[in-house]
Colleague: 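Structure below; questions to follow.
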Amino acid sequence: MSAAPTPAYAGPSRVFSGMQPTGGLHLGNYLGALVKFVRLQDQHECIYCVVDLHAITIEHDPKLLQQQCREVAAAYIAAGVDPKKAIVFVQSAVPAHAELAWIFNCVARMGWLERMTQFKDKAGKNAERMSVGLFDYPVLQAADILAYRATHVPVGEDQKQHLELSRDIAARFNNDYNAPNFFPLPEPLIQGPGARIMSLRDGTKKMSKSDPSDMSRINLTDDAQTIANKLKKATTDSLPLPAPDDPKRFENRPEVENLVGIFAALAAKSSDEILQEWQGKGFGAFKPALAEIASQKLSPIADEMSRLLSDANALDAILADGAARAHAISEPVMKDVRRIVGLWPR
Ligand code: TYM
C-alpha cells in the first residue's frame, strides 16, 4: 500500500473494511480479507466493522443477529486483530452509516446500481421480490467507507465492483456539491493469493456462506477431522499435480488450481513454490498435507473464538469502545456533509 492515499486527497490514509454477520465465516473470508486486516493494523489506522445493516437486506432471524455479530467480532480478534490498535465495532451502533447511505442514495444513479453483478447473482430471477435494501446494498457499503473518509479497503476480489461504485459516488458527491477532494476515492486492496477462494466442490464458483452444501467450504470453526473430511471429498481429478513451468498446468483443472492456491495462501508461499514441492505427486498425499496446514492455522482461531464468546460482556465492552471511537471519527465528517448538502445542523 502506498503512503499517499489518492493523488489529490490531502487527508490521512485510513483503512476500513467489513464483513456480514450472516452465518459463520469461512476460509475465503479468512484468506481474502481477514489475513489482510491483521497485516495492515501495525502500519495504519484501521477500522473493522461487522455490517449488521447489510445483513438485514435479506431474511434474517432477529433473535440471532446480535450473537452473529459477536461471532464475527470474535473471529476478527481471534485471527489477530488487536482491538486496542484497530477499531472493531458493529455498524448499527454508529448512526453515520445509515444517514450517509441516504444522502448517497440521492447521489448514486439507478443505472450504476443496475449494473451491479452481485445483486443480479443474489436476486436471480426474483429481482422484483427482493428488498429495496438488497438493491441498495452497495450504496450503504460506500457510506461505510466514506463516513470515515477511508482511503484503503482490504477485500476479496468479489468486492471489486462495489469498490468502483464507492469511488464513483465519492467523485460525484465531490463534483455535484463543488467540494473538491472532500471524499477520497477509496482504493481496494485485493492482491494476494487468497483474493478469490473457490468452492471445494466446483472450482468455477466462489466459496460462499450461501452455498447450500457445507462440504463446499471450510468454516473457521471446523475441527481438524471435519477439515480433513471436506478436503478428502473435495473435487479433483486422477492426474498428478502439474509442474510449475507447465504452461497448461491448470487448464480445465479449476479445482486443482484452487487447492494449490489455498495451500499457497496458508503457507504464505506462491502457487509455483507449492507445485515445485508437489509436482508429479497425487492428491492422496496432497490433501492430507493441506488438511494439516489448514487445521494448524484455523484451530487456534476457533479455540480463541470460543474463549472470547464465552464472555459476552467483555466482548460487548470491546464493541462499545469501538463504536465510540468510530463515532468520534465519523461525526465530524457528517457535520461537514450536512453543511455541504445544506441539511439542518446538529
Ligand atoms: P462478505 O461478508 O460477503 O465477505 C467478507 C470479506 O470476505 C471476502 N470474501 C472472499 N475472499 C476470497 N474468496 C472468497 N471466496 C471470498 N468470499 C468472501 C469478501 O471479498 C469480503 O472482503 N459487502 C461486503 C461487506 C461490506 C464491506 C463494507 C466491505 C460492507 N461494507 C465496506 C468493505 C468495506 C461483503 O459482502 O462481505
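Computed from a prediction, not measured in an experiment: that's the story for all the values here. Only heavy atoms go into these numbers, but all of them, side chains included; no hydrogens, no water, no symmetry mates. Counting starts at 1 for both ligands and their atoms, in listed order.
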Colleague: Lys209 heavy atoms, cut-off 4.0 Å: which ligand 1 atoms fall inside?
Modeller: 2 (O)

Colleague: Over 60° means perpendicular and under 30° means parallel, so classify the ring planes of His44 and His152, tilted if in between.
Modeller: tilted

Colleague: With a cutoff of 4.0 Å, is Met198 in contact with ligand 1, counting heavy atoms of the residue only?
Modeller: no

Colleague: Cation-pi check for Phe104 against Arg172: NZ or CZ below 6.0 Å from the six-membered ring centre and within 45 degrees of the axis, yes or no?
Modeller: no

Colleague: Measure from atom 34 (C) of ligand 1 to every heavy atom in Thr22, Val153, Ile197 and give the option owning the shortest one.
Modeller: Val153

Colleague: Examine distances only and state if a side-chain atom of Asn29 and a backbone atom of His26 form a donor-acceptor pair shorter than 3.5 Å.
Modeller: yes

Colleague: Given Asp144, Leu25, Val51, Ile190, identify the one with the heavy atom nearest to atom 31 (N) of ligand 1.
Modeller: Asp144

Colleague: Is any side-chain heavy atom of Ser199 less than 4.5 Å from a side-chain heavy atom of Arg217?
Modeller: no

Colleague: Would Ser17 count as being in polar contact with ligand 1, using the rule that some N or O on each side must be under 3.5 angstrom apart?
Modeller: no

Colleague: Applying a heavy-atom cut-off of 4.0 Å, say which part of Ser208 lies close to ligand 1: side chain, backbone, both or neither.
Modeller: neither

Colleague: Does the N or O separation between Tyr137 and ligand 1 drop below 3.5 Å for any pair?
Modeller: yes

Colleague: What residue and atom, counting heavy atoms only, is the protein's closest point to atom 10 (C) of ligand 1, and at what distance?
Modeller: Gly28 O, 3.4 Å

Colleague: Specify the protein heavy atom at minimum distance from atom 25 (C) of ligand 1: its residue, its atom name, and the distance to 0.1 Å.
Modeller: Gly18 O, 3.5 Å

Colleague: Report the member of Gln20, His97, His162, Arg217 with the shortest heavy-atom distance to atom 3 (O) of ligand 1.
Modeller: Gln20

Colleague: Report yes or no: is the cationic atom of Lys297 (NZ for Lys, CZ for Arg) under 6.0 Å from the centre of the six-membered ring of Tyr30, at an angle within 45° of the ring normal?
Modeller: no

Colleague: Is it true that Asp321 and Arg325 make a salt bridge, defined as a side-chain N closer than 4.0 Å to a carboxylate O?
Modeller: yes

Colleague: Would you call the rings of His162 and Tyr137 parallel, tilted or perpendicular, taking 30° and 60° as the class edges?
Modeller: tilted

Colleague: Considering heavy atoms of the protein only, find what lies nearest to atom 19 (C) of ligand 1 and give residue, atom and distance to 0.1 Å.
Modeller: Asp158 OD1, 3.4 Å

Colleague: Backbone N or O of Ala55 within a donor-acceptor pair of the Asp52 side chain at under 3.5 Å?
Modeller: no

Colleague: Should His26 be listed as contacting ligand 1, given a heavy-atom distance under 4.0 Å as the test?
Modeller: yes

Colleague: Pairs of nitrogen or oxygen atoms closer than 3.5 Å, one from Gln141 and one from ligand 1: do any exist?
Modeller: yes

Colleague: Please indicate whether any nitrogen or oxygen in Gly156 is less than 3.5 Å from any nitrogen or oxygen in ligand 1.
Modeller: yes

Colleague: Is there side-chain contact between Leu134 and Phe119, with heavy atoms separated by less than 4.5 Å?
Modeller: yes

Colleague: Please work out which of Asn29, Val35, Val72 has its closest non-hydrogen atom nearest to atom 7 (O) of ligand 1.
Modeller: Asn29

Colleague: Quick one: does Asn219's side chain have a donor or acceptor within less than 3.5 Å of a partner on Thr221's backbone?
Modeller: no

Colleague: Which atoms from ligand 1 have a heavy atom of Ala195 less than 4.0 Å away?
Modeller: 11 (N), 12 (C), 13 (N)

Colleague: Tell me if a side-chain donor or acceptor on Lys36 pairs with a main-chain N or O of Gly32 at a distance below 3.5 Å.
Modeller: yes

Colleague: Do any N/O atoms on Ala33 end up under 3.5 angstrom from N/O atoms on ligand 1?
Modeller: no

Colleague: Kindly write out the residues that satisfy ring-ring contact (aromatic ring centres under 6.0 Å, His included) with His97, not counting sequence neighbours, or none if the list is empty.
Modeller: Phe89, Tyr148

Colleague: Could you tell me, atom by atom, which parts of ligand 1 come under 4.0 Å of a heavy atom of Gly32?
Modeller: 11 (N), 12 (C)

Colleague: Could you tell me, atom by atom, which parts of ligand 1 come under 4.0 Å of a heavy atom of Arg196?
Modeller: 12 (C), 13 (N)

